[in-house]
Amino acid sequence: MSANSQFTFAAATGVGSLPGGDAREAAKTATGSFEDFPFLPELPARGPGADMIGRTAGMLVELYARVEPSGWRLGDRPGRDTKRARSWLGEDLDALEEFTQGFEGQLKVQAVGPWTLAAALELRNGESVLSDPGACRDLAGSLAEGLREHLAEVRRRVPGAQLVLQLDEPSLVAVLRGQVRTASGYRTHRAVDRQVVESALRDVVGVHADGPVVVHSCAPDVPFALLRRAGAAAISFDFSLLTERDDDAIGEAAEAGTRLFAGVVPGTDAALSDPAGSVMGVRTLWRRLGLHPGLLAEAVTVTPACGLAGASPEYARRALAHCVQAARSLADNPE
């Protein structure tokens, strides 16, 4: 945690996914939009293995997954789906390396967290990994090992980067509430105990001991306190889904030094307001919480609400540029 607490995040970045299938174009966009905080793009439009679940499944150590009609299923050996996922990740890393020659600064890489992965991957019997506590533990361990190797590879390719690891956990709230459906669709898996959830997250977060971890969830009711206890240095969320019920948790997080990645720019094509208007809600929240306006730029990183895979390429570029402008507005005029 010491590395996390001393880390100063840049003012704006992307979430992860971009539209299209051209790795070089995506890397150029991600590095060109955010000189201070670029990210490794994901391009799910290329098909299975480039999607967030398939990409992370390809990183697992001694666990392999293949595509079935129902989704990604664990198997005994690496098949063509695993090879395809690893090949695309390699292509993305090649492109990133090309556009980060001599780069020094923060660089974000994303992977699916252990609980969203457990909810999405199937066991050999077709049921979710979530149905088997032992399988959940094995999966979290395999993911941790795979992330260690992935971070080492990115470090080798971009030696000047301060790596930030983002864990995507859109299904986390559903796991905690027992809302993940069984294979039949008629029932739901029972809720996983919060301490078990926190413990697995802490183990995976701990993989990146020399840098900060962001946990991203674009679902309502993000469990801010649980994520902080699990070691997240920053929490990324869709700002439009916040309600006043979240105020206390957000206030506590901000006062404790947890960075807030506020997703204020729509993730699909929409009319964009002026940059100051995009962060008006953040300023309003700050006033409501009674927090010092001068701390705003130190506490908030501006991002899109979620990944931009469903956007047009032109809108995606505008949305990323808009994040930078909105962050500048927040820093220049926090009141």
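Side-chain atoms of T301 and R259 form a donor-acceptor pair, as typed in the model, at a separation below 3.5 Å. Side-chain atoms of W72 and D51 include a donor-acceptor pair closer than 3.5 Å. In the model, T13 has no side-chain atom that pairs as donor or acceptor with a side-chain atom of T303 under 3.5 Å. Side-chain atoms of Q106 and K108 form no donor-acceptor pair, as typed in the model, at a separation below 3.5 Å. Remark: the S329 side chain and the R283 side chain contain an N/O donor-acceptor pair separated by less than 3.5 Å. Of the N and O atoms on the side chains of S70 and E122, at least one donor lies less than 3.5 Å from an acceptor on the other residue. Using modelled atom types and a 3.5 Å distance limit, the side chains of T116 and E169 yield a donor-acceptor pair. Between H189 and T182, the side chains place no donor N or O within less than 3.5 Å of an acceptor N or O (distance only, hydrogens not considered).
With rounding to the nearest 0.5 angstrom, the CG atom of L289 is 8.0 Å from the CG atom of D248. Between S217 atom OG and F237 atom CZ the span is 11.0 Å, to the nearest 0.5 Å. Here CZ of R328 is found 12.5 Å from CG of L330. Values are rounded to the nearest 0.5 Å. The structure places CG of L93 at 6.0 Å from CD of E153, a figure rounded to the nearest 0.5 Å. Here the CZ-CG distance, from R124 to D76, works out to 4.5 Å after rounding to the nearest 0.5 Å. Here the CG atom belonging to D138 is positioned 8.0 Å from the CG atom belonging to D132, to the nearest 0.5 angstrom.
For the pair T258 (side chain) and A254 (backbone), a donor-acceptor distance under 3.5 Å is absent. Side chain of E98 to main chain of R24: no donor-acceptor pair is present (N/O by atom type, distance under 3.5 Å, no hydrogens or angles). The backbone N or O of Y315 lies less than 3.5 Å from no partner atom in the side chain of D269, so there is not a single donor-acceptor pair. A distance-only check finds a donor-acceptor pair linking the side chain of S17 to the backbone of A309 [under 3.5 Å]. Remark: the backbone N or O of E127 is not paired with any side-chain donor or acceptor of S131 at under 3.5 angstrom. Listed for the T188 side chain is a donor-acceptor partner under 3.5 Å among the backbone atoms of G178. The closest donor-acceptor contact from the side chain of S142 to the backbone of V61 lies under 3.5 Å. Remark: side-chain polar atoms of H322 are not paired, donor with acceptor, to backbone N or O of P304 under 3.5 angstrom. Side-chain N or O atoms of W115 include one that pairs as donor or acceptor with a backbone N or O of V197 at under 3.5 Å. S87 contributes no side-chain N or O that, together with a main-chain N or O of K83, makes up a donor-acceptor pair within less than 3.5 Å.
Side chains of L107 and R155 form no contact here, defined as non-hydrogen atoms less than 4.5 Å apart. When side chains are defined from C-beta on, L143 does not count as touching M59, because their heavy atoms never get closer than 4.5 Å. Counting only heavy atoms from C-beta outward, the side chains of L147 and H208 never approach each other to under 4.5 Å. Looking only at side-chain heavy atoms (C-beta outward), I235 and V214 stay at 4.5 Å or farther from each other. Side chains of V265 and V15 form no contact here, defined as non-hydrogen atoms less than 4.5 Å apart. Counting heavy atoms from C-beta outward, L89 and R55 have side chains that approach closer than 4.5 Å. For the pair L241 and D238, the minimum side-chain heavy-atom distance is below 4.5 Å. Between R66 and T82, every side-chain heavy-atom pair lies at or beyond the 4.5 Å cut-off.
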Trace of the side chain to side chain contact (heavy atoms under 4.5 Å, CB included) decision for D247 with L242: CA-CA 8 Å; D247 279 10; L242 291 183; over 6 Å; no
Side chain to side chain contact (heavy atoms under 4.5 Å, CB included) between L18 and E42, worked out: CA-CA 6 Å; L18 289 176; E42 301 163 354; over 6 Å; no
Criterion side chain to side chain contact (heavy atoms under 4.5 Å, CB included) on V324 and S33, from CA distance to verdict: CA-CA 8 Å; V324 174; S33 302; 5.5 Å; no
L227 and V205: CA distance, side-chain angles, deciding distance, side chain to side chain contact (heavy atoms under 4.5 Å, CB included) verdict: CA-CA 10 Å; L227 295 176; V205 166; over 6 Å; no
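In R86, the CZ atom is crowded: over 12 heavy atoms of neighbouring residues, nucleotides or ligands sit closer than 6.0 Å. More than 12 non-hydrogen atoms from other residues, nucleotides or ligands lie less than 6.0 angstrom from CD of E314. Around atom CD of E68, more than 12 heavy atoms belonging to other residues, nucleotides or ligands sit under 6.0 Å away. Within a 6.0 Å sphere centred on CD of E35, heavy atoms belonging to other residues, nucleotides or ligands number 12 at most. Applying the 6.0 Å contact sphere to CZ of R202 captures more than 12 heavy atoms from other residues, nucleotides or ligands. The number of heavy-atom neighbours closer than 6.0 Å to CZ of R80, taken from other residues, nucleotides and ligands shown, is 12 or below.
Shortest non-hydrogen contact noted between E145 and R148 is OE1-NH1, 3.0 Å. Taking each heavy atom of L123 and R73 in turn, the nearest pair found is O-CG, 3.4 Å. Heavy-atom minimum distance, S278 versus A326: CB-CB, 4.4 Å. Between L176 and V192, the shortest heavy-atom contact is CD2-O, 4.1 Å. The minimum heavy-atom distance between V158 and L96, with the atom names listed, is CG2-CD2, 4.4 Å. In this structure, A65 and A57 approach most closely via the heavy-atom pair CB-CB, 3.9 Å.
In summary, E91 and R46 engage in a salt bridge, as defined by a charged side-chain N under 4.0 Å from a carboxylate O.
With hydrophobic clusters built from ILVMFWY side chains whose heavy atoms lie under 4.5 angstrom apart, F99 does not share a cluster with F37. Cluster membership for M52 and W88, using ILVMFWY side-chain heavy atoms within less than 4.5 angstrom, is not shared. Taken together through direct or relayed side-chain contacts under 4.5 Å among Ile, Leu, Val, Met, Phe, Trp and Tyr, V175 and V173 form parts of separate hydrophobic clusters. A chain of hydrophobic side-chain contacts below 4.5 Å, direct or via other Ile, Leu, Val, Met, Phe, Trp or Tyr residues, connects V204 to V154. Both F239 and L296 belong to a single network of hydrophobic side chains, linked directly or stepwise wherever heavy atoms of I, L, V, M, F, W or Y lie under 4.5 Å apart.
In this pair, F34 and F39 present their aromatic rings tilted. The plane angle is within the 30 to 60° band.
When the options V222, D168, V112, L167 are evaluated for a side-chain contact (heavy atoms from CB on, under 4.5 Å) with H216, the one that passes is D168.
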